[in-house]
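Along the sequence shown, residues carry numbers from 1.
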Amino acid sequence: MKKVSILFFFFLLMIVNQSFAQDDVLNPYDGAEPAKTDEPAIQPIDPEHFITEDYQIPSYNLYLQDWNTEYIKIKSLGISFGNTADIKVILVENNNPFSMPCANCQLTSKYGQRKSGMHTGVDLATTLDEPVYSCFDGVVRMARDFSSYGKTVVVRHYNGLETVYAHLDSIMVKPNEKVTSGQQIGMAGSTGRSSGVHLHFETRFLYEHFDPEKMVDFTTGALLSNVLTITKAELDFSADTDEVAPNADSQPAESKPATTAGNSSYYIVKQGDTLYAIAKKNNVSVEKLMELNNISDPGKISIDQKLRLK
């Protein structure tokens, strides 16, 4: 009987030890909850999808090292066309295809002068939230809600062109993001100053707009040629205002006059002003304005800011 009691005691001891061992495995925190944090994980820039160096910017030297993510156009670059007064742009090469900015979209409004101003692109009929695509490979330069354009994406392409996609309902890309031809960059809508759902589409070279129908047959959805010849006369270097989507450098309808203090003239910035438009109105260069007012970024001026003109 004594032997049976000893065996039973050892049996109970084994059960208790096994129970403690299981508890150690199932509850390694001894009842304490894991530490929690509200701080989001830092997401490093993905070099596969975003540019990280200046040399990766398309046509960086052609644009005189200009890369602005806030405005469609900052200034006229004034690059000489040489003796020929025109330039040839290779649209498709090295397996860089062309894609229409939207599928099955029809041209509803052409490029050109209207009674109310210059229409700097074409309007394409779309449905709400219809996908909008990048025409060529390139890098997103601007992606933001911009004035009367509404939600807008500007892509600079490796062939030197820039394409503008305006009145979007939503934007699906970010500045400095690499995109490919046919990649969806947004969804069509009616944001900004728009009378209905459509895509306002522009083609630009060195920031100056030209007729997209010179490049694309919107009936067939194909390029007219793999090489685009642009003459200086076909580029619009003016600061006219598009009635649907005014240019970033358009002349404000009303501007506060320059004031004089001693031998220096000053200009008070109003809503809608750009440094380029102010410089043009007052016959001074953008570079001079930046120098006089210690401005490092021509896109960074504020309403009611007092600018020295000379």
>> Set out, in order, the CA-CA distance, both residues' side-chain angles and the distance that settles side-chain contact (heavy atoms from CB on, under 4.5 Å) for I185 and M172, then state yes or no.
In response: CA-CA 5 Å; I185 57 176; M172 302 175 65; 5.8 Å; no
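- Distance NZ/K288 to CG/L309: 11.5 Å, rounded to 0.5 Å.
- Closest of all the heavy-atom pairs between C102 and T126 is SG-CG2, 3.9 Å.
- Connection of L224 to M100 is not established within any shared hydrophobic cluster, with ILVMFWY side chains joined at heavy-atom distances below 4.5 Å, either directly or through further cluster members.
- Across all non-hydrogen atoms, the minimal contact from G189 to L128 is CA-CD1, 4.0 Å.
- In terms of heavy atoms, G160 sits closest to L62 at CA-CD2, 4.2 Å.
- The structure places OG of S99 at 8.5 Å from CG of D137, a figure rounded to the nearest 0.5 Å.
- The 12-atom threshold is not exceeded at CD of Q106, counting heavy atoms of other residues, nucleotides or ligands nearer than 6.0 Å.
- Note on K178 versus E48: no salt bridge recorded, every NZ/NE/NH1/NH2 to OD/OE distance being 4.0 Å or above.
- Linking Ile, Leu, Val, Met, Phe, Trp and Tyr whenever their side-chain heavy atoms come within less than 4.5 Å puts I295 and L289 in one cluster.
- At least one donor-acceptor pair closer than 3.5 Å links the side chain of N293 to the backbone N or O of R308.
- At least one donor-acceptor pair closer than 3.5 Å links the side chain of H119 to the backbone N or O of G121.
- In this structure, Q184 contributes its side chain and G186 its backbone to a donor-acceptor pair below 3.5 Å.
- In terms of hydrophobic clustering, with Ile, Leu, Val, Met, Phe, Trp and Tyr side chains grouped at heavy-atom distances under 4.5 Å, M187 and V132 are assigned to different clusters.
- With N282 contributing its side chain and V284 its backbone, the two residues share no donor-acceptor pair below 3.5 Å.
- A distance-only check finds no donor-acceptor pair linking the side chain of R141 to the backbone of N176 [under 3.5 Å].
- In the hydrophobic clustering of ILVMFWY residues, with side-chain heavy atoms under 4.5 Å counting as a link, L161 and I87 come out together.
- Using modelled atom types and a 3.5 Å distance limit, the side chains of Y60 and D66 yield no donor-acceptor pair.
- Between the side chains of T163 and T203, no donor N or O sits under 3.5 Å from an acceptor N or O.
- The number of heavy atoms from other shown groups lying within 6.0 Å of CD1 (I90) does not exceed 12.
- Remark: aromatic rings of F205 and F210 are distant, center separation not under 6.0 Å.
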**OP:** With side-chain contact (heavy atoms from CB on, under 4.5 Å) as the test, would you mind laying out the steps for L107 and D123 before giving the verdict?
**Re:** CA-CA 6 Å; L107 180 66; D123 291 342; over 6 Å; no
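- Distance check: R193 CZ to H200 NE2 gives 11.0 Å after rounding to the nearest 0.5 Å.
- L199 and A166 make their closest contact through CD1-O, 3.7 Å (heavy atoms, listed as atom of the first residue, atom of the second, distance).
- A heavy-atom distance below 4.5 Å is found between the side chains of V153 and L168.
- Without hydrogens or angle criteria, E208 side chain to R204 main chain gives no donor-acceptor distance under 3.5 Å.
- The backbone N or O of Y149 sits less than 3.5 Å from a side-chain atom of H167, completing a donor-acceptor pair.
- Side-chain atoms of V154 and V140, non-hydrogen and from C-beta on, never get closer than 4.5 Å to each other.
- Side chains of L228 and K214 form a contact here, defined as non-hydrogen atoms less than 4.5 Å apart.
- Using modelled atom types and a 3.5 Å distance limit, the side chains of T229 and K88 yield a donor-acceptor pair.
- Criterion: ILVMFWY side-chain heavy atoms under 4.5 Å apart, direct or through other members. Under it, V155 and F98 are part of a common hydrophobic cluster.
- Panel note: side chain S194, backbone G196; a donor-acceptor pair is recorded below 3.5 Å.
- Annotation: Y111 is in aromatic contact with H209 [ring centroid separation under 6.0 Å].
- Interatomic distance, CD1 of I51 versus CD1 of I57, reported as 4.5 Å (0.5 Å rounding).
- For N104, the CG atom is loosely surrounded, since the number of other residues' heavy atoms within 6.0 Å does not exceed 12.
- In this structure, the separation between CG on D211 and OG1 on T120 is 11.0 Å, given to the nearest 0.5 Å.
- Under the rule for a salt bridge (charged side-chain N to carboxylate O under 4.0 Å, His left out), K174 has no partner lying at least two apart in sequence or in another chain.
- When only modelled atom types and interatomic distance are considered, S134 and Q183 share no side-chain donor-acceptor pair under 3.5 Å.
- Taking the six-membered ring for Trp, Y158 and F136 have ring centres at least 6.0 Å apart.
- Two residues are said to be in side-chain contact when any heavy atoms from C-beta on lie closer than 4.5 Å; T152 and M142 meet this criterion.
- Separating the OG atom in S225 from the CE atom in M215 is a distance of 11.5 Å, to the nearest 0.5 Å.
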Taking it one step at a time, do L223 and V92 satisfy side-chain contact (heavy atoms from CB on, under 4.5 Å)? CA-CA 9 Å; L223 290 174; V92 178; 3.4 Å; yes
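- Across all non-hydrogen atoms, the minimal contact from T69 to P175 is CG2-CB, 3.9 Å.
- For the residue pair D54 and W67, no side-chain donor N or O sits within less than 3.5 Å of a side-chain acceptor on the partner.
- Judged by the 6.0 Å and 45° rule, R156 forms a cation-pi pair with Y63.
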Can you check side-chain contact (heavy atoms from CB on, under 4.5 Å) on F201 and C135, steps first, answer last? CA-CA 11 Å; F201 174 70; C135 289; 3.6 Å; yes
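- Using modelled atom types, no side-chain atom of H49 and backbone atom of E177 make a donor-acceptor pair closer than 3.5 Å.
- Remark: side-chain polar atoms of S109 are not paired, donor with acceptor, to backbone N or O of V122 under 3.5 angstrom.
- Across I230 and V89, no two heavy atoms sit closer than the pair CD1-CG2, 4.2 Å.
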